[in-house]
Protein chains: 2
Amino acid sequence: MPEHPSPAPAPRRNRRDDLLDAFARLVLEQGERAATLEAVAAAADVSKGGLLYHFSSREALVAGLCERFAALVEADIAAATEHERSLAEWYLRTSSDYDSPLERTMAALMRLAQHHDAVVRPALLAGRERWYALILDDLGDERLAHAVLLLGDGVAYNSEMEGPAPDAPRRSSAATVDGLVELVRALRMLRS
Amino acid sequence: MPEHPSPAPAPRRNRRDDLLDAFARLVLEQGERAATLEAVAAAADVSKGGLLYHFSSREALVAGLCERFAALVEADIAAATEHERSLAEWYLRTSSDYDSPLERTMAALMRLAQHHDAVVRPALLAGRERWYALILDDLGDERLAHAVLLLGDGVAYNSEMEGPAPDAPRRSSAATVDGLVELVRALRMLRS
DNA sequence: GTCTATAACTTGATAGAC
DNA sequence: GTCTATCAAGTTATAGAC
């Protein structure tokens, strides 16, 4: 399909993405209850009607987040495979990236998991299984792989809980995660 | 203070507790959004007016859960101190008790933490600090104590996520937690 | 202590103008 | 594609009967 020589053929950031961003941010920072259609629209500088053109219901907004999550997981795995020796370490380290699109999307979905059970839980579990297989392959020990997954959950939960705390001592800072990585390394040695 | 010889002087379960139970359960199982005053009242077999006699607003309901949480933490610590050698092991093991009042209350509060930031977060952090000090004292290593706390978060998150799944293989079952306890033991050896 | 009735407001969603 | 206007249903909270 030939294209007209438009000056910016790049995958331009569109309104849909802005709306999903706003939705995720509101859920994360103010709770599920505060993320009303009106609030989401306002946060994305669109009217309620504008929002409903892109996502025709609240459910559609949630489904949109699920799709984004799956895509972000794949992108993350691709990046991990390319850049890091140990996938387990990458997983632990990135779990504390409170601000990354992936962590934000996942954290938001966790909060929506109960009310939108049928759509959200499968999406979350799929991402989890995907990572588990890779980490197991990396570490070669089910128990250890499982521990890494759980540590990642803990780190992510804490980063989210602490949020963008300005000065408070962050229990899940990068320095702290280094300690975890060392623990995992020690356990790995122990096995061999 | 002398009491009349009433037949049942026991700390009888009252409506307040029923209402807090119902509130926590709805938040946990259906999400924050579904836990409306009407839904809570209905789940506790009381009318909305009845609920509002005991908790005069939604905020009061949240504050009530916070108080209960603090009390449950102290009771849990008392039980742990009495029954178990290693507080760290107790902590890990009880993190998978999806059905315990303590875990349920904590999980519900996590979901309310964003919207009711000022009340809920301090309550949650206080319980956490309380346990951290004890586990650090038990294990004698900050990094390890921290890892135990994070594993506990992970286990709790997964138990909650899996919920009362009828037959699915539970990643956070008691058997799985045994594995984690062993890992922590191995790390402890490594240090000495 | 518990109920019903109701006030005041918010929410998700539709219709139709621009 | 985006907006305003509008609606029915649902939400928190109050008032007052029992």
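Reminder, nothing fancy here: chain letters follow the sequence lines and each chain counts from 1. Below, all heavy atoms of this structure are taken into account, side chains as well, without hydrogens, waters or symmetry copies.
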Output side-chain donor-acceptor pairs under 3.5 Å for residues 32-41 of chain B, partner residues at least two apart or in another chain, one line each.
| unit_1 | atom_1 | unit_2 | atom_2 | d |
| --- | --- | --- | --- | --- |
| B/E32 | OE1 | A/E32 | N | 3.2 |
| B/T36 | OG1 | B/A39 | N | 3.1 |

Using the C1' atoms of the five pairs at each end, what is the angle between the end axes of the helix from C/dG1-D/dC18 to C/dC18-D/dG1, to 10°? 10°

Does the pair [X]/[Y] count as a salt bridge with the N-to-O cut at 4.0 Å?
X: B/R188; Y: B/D138; value: yes
X: B/R185; Y: B/E89; value: yes
X: B/D178; Y: B/R93; value: yes

Residue pairs passing the side chain to side chain donor-acceptor pair (under 3.5 Å) test where at least one lies in residues 70-83 of chain A, sequence neighbours excluded: A/E74-A/R130, A/D76-A/W90

Of all pairs that satisfy salt bridge (charged side-chain N to carboxylate O under 4.0 Å, His left out), the ones with a partner from residues 140-155 of chain B, not counting sequence neighbours: A/E182-B/R143, B/R128-B/D153, B/D141-B/R191

Nucleic acid contacts - residues 21-28 of chain A versus DNA chain D, non-hydrogen atoms under 4.0 Å: none

Could you work out, with side-chain contact (heavy atoms from CB on, under 4.5 Å) as the rule, every residue matching [X], not counting sequence neighbours?
X: A/A186; answer: B/L187, B/L190
X: A/S100; answer: A/D97, A/L102, A/E103
X: A/A108; answer: A/A24, A/V27, A/L28, A/L65
X: B/E67; answer: none

Using the test ring-ring contact (aromatic ring centres under 6.0 Å, His included), find all partners of A/Y91 that sit at least two apart in sequence or belong to another chain. A/W131

Run the side chain to side chain contact (heavy atoms under 4.5 Å, CB included) test on B/L124 and B/F69 for me, step by step, so that the C-alpha distance in whole Å, both residues' side-chain angles and the decisive distance to 0.1 Å come before the verdict. CA-CA 8 Å; B/L124 241 26; B/F69 174 67; 4.0 Å; yes

Reading nucleotides 8-15 of chain C 5' to 3', which nucleotides get B (base under 4.0 Å from a protein heavy atom), which S (sugar-phosphate only), which -? ---SBBB-

Segment of DNA chain D, first to last nucleotide, that comes within the 4.0 Å heavy-atom reach of chain A: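 Here the contact window of chain A covers D/dG1 to D/dT12.
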
